[in-house]
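Remember, it's a predicted structure, so these values are computed and weren't measured experimentally.
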Amino acid sequence: EATVGEAAQQPEGQEVQVVTQESPPAPSVPAVRMPKAPIEAGEGGYIVPKTLEEAYRMAVAVVAAKQMPDSYKDIEYETTVQKVMLGLASAMEAGLPPLYGLRQIAIINGRPAMWGDALMALVQSKNLIANQTVREIGPMFDPSTPPAQWPDDFGIVVSLWRRGQTDPYTGTFTVADAKRAGLWMNARKVPWIQYPKRMMTMRARAFPLRDGFADAIAGIAVREEVE
């Protein structure tokens, strides 16, 4: 074998195997990770992202810790992170602490929705409700009567008075309404079988919440209506 320089001095016609000399590999340099700006806590000690990048980092941390509700889970990791980001943003738009709001808000058909109790708490926290009433309508019956035998015109009426306004916002939901919606005695809707009056109250209250306090709930759907 010969180097490139030696090969040039060999007689013509003689086969020479040339070996090239490679430079030694450069020493590896460890990558330098630039420190990220911390996400500061806001009023009340809640961690509140202020930029899209901070919201993404927070969503990644939530997904990594598996602390998101089931409605945010997707077979694709990145889709799950984006859903969590939407939940965090929706919570902040509604005036809720991000992580608390994430637990209260579900993403249903691509739209944020919240349980009626949580929406009511949100409106109450803004001191917008001056008074509220809940009453039953329709024929009275023995409390031990199975729900399957309740009359169709039995229902719940919820009225909410907004502070500074005279007339209330009112919603009504009856057994007949529940049947038309496919909720009554539906085996896949267990709460409607176990707590029918409570669920009727939630549906009745959703109407005045949306009609009279749309600004307070920031466009968040009532989960009992969309599920």
For a 4.5 angstrom cut-off between non-hydrogen side-chain atoms, does V48 reach P98? yes
Close side-chain approach of M199 and K189, heavy atoms under 4.5 Å: no
Closest contact, heavy atoms only, L88 versus A55: CD1-O, 4.0 Å
Validation row: P168, P208 side chains within 4.5 angstrom (heavy atoms): no
May I ask you to decide if the ring planes of F141 and F154 are parallel, tilted or perpendicular, using 30° and 60° as cut-offs? perpendicular
Does the R162 side chain pair with the main chain of I129, one donor and one acceptor, at a distance under 3.5 Å? no
Heavy atoms only: give me the nearest W150-P196 pair and the separation to one decimal. CH2-CG, 3.6 Å
Within the structure provided, determine whether E225 and F207 are in side-chain contact (heavy-atom separation under 4.5 Å). yes
Do L96 and M114 touch side chain to side chain, with heavy atoms closer than 4.5 Å? yes
Rounded to the nearest 0.5 Å, what separation is found between the CG atom of L160 and the OG1 atom of T133? 8.0 Å
For the backbone of T170 and the side chain of S159, can you confirm whether one donor and one acceptor N or O come within less than 3.5 Å of each other? no
Q82 versus L86: any side-chain heavy-atom pair under 4.5 Å? no
Hydrophobic cluster identity match, I220 and I108, side-chain contacts under 4.5 Å: no
Consider only side-chain heavy atoms of I, L, V, M, F, W and Y, link residues closer than 4.5 Å, and tell whether I137 and M140 are in one cluster. no
Hey, could you give me the CE/OG1 distance between M200 and T172, rounded to the nearest 0.5 Å? 10.0 Å
For the pair D74 and K83, evaluate side chain to side chain contact (heavy atoms under 4.5 Å, CB included) and give the outcome as yes or no after the intermediate values. CA-CA 9 Å; D74 193 274; K83 284 184 175 181; 3.8 Å; yes
Specify the closest pair of heavy atoms between V84 and L102, including all atoms of both residues, with the distance to one decimal. O-CD1, 3.9 Å
Common cluster, F213/L122, ILVMFWY with side-chain heavy-atom separation under 4.5 Å: yes
One should read off an interatomic distance between W115 CH2 and R223 CZ, to the nearest 0.5 angstrom, of 4.0 Å
Find out if a path of hydrophobic residues (ILVMFWY) with successive side-chain heavy-atom gaps under 4.5 Å connects V123 to W161. no
NZ/NE/NH1/NH2 to OD/OE distance under 4.0 Å, K126 and D215: no
Value rounded to 0.5 Å, distance of CE in M120 from CD1 in I217: 12.0 Å
Short N-O contact, R205 and D117, less than 4.0 angstrom: yes
When you compare the side chain of L128 with that of R163, does any pair of heavy atoms fall below 4.5 Å? no
Is it true that V175 and V190 fall in one hydrophobic cluster, defined by side-chain heavy atoms closer than 4.5 Å? no
Taking every non-hydrogen atom, the tightest pair across I107 and P112: CD1-CA, 3.9 Å
Do any N or O atoms from the side chain of E224 and from the backbone of G116 form a donor-acceptor pair under 3.5 angstrom? yes
V62 vs L99 side-chain heavy atoms within contact, under 4.5 Å: yes
Taking every heavy atom of T174 against every heavy atom of D153, the minimum-distance pair comes out as CG2-O, 4.5 Å
Measure the acute angle between the ring planes of W184 and W192, then classify it against the limits of 30° and 60° as parallel, tilted or perpendicular. perpendicular
Nearest 0.5 Å, please: how far is OH in Y195 from CD1 in I193? 12.0 Å
Hey, what do you get for CE (M202) to CZ (R198), rounding to the nearest 0.5 Å? 3.5 Å
D152 with K179: basic N within carboxylate O range, under 4.0 Å: yes
How close do I156 and K197 get, counting heavy atoms only, and between which atoms? CG1-O, 4.3 Å
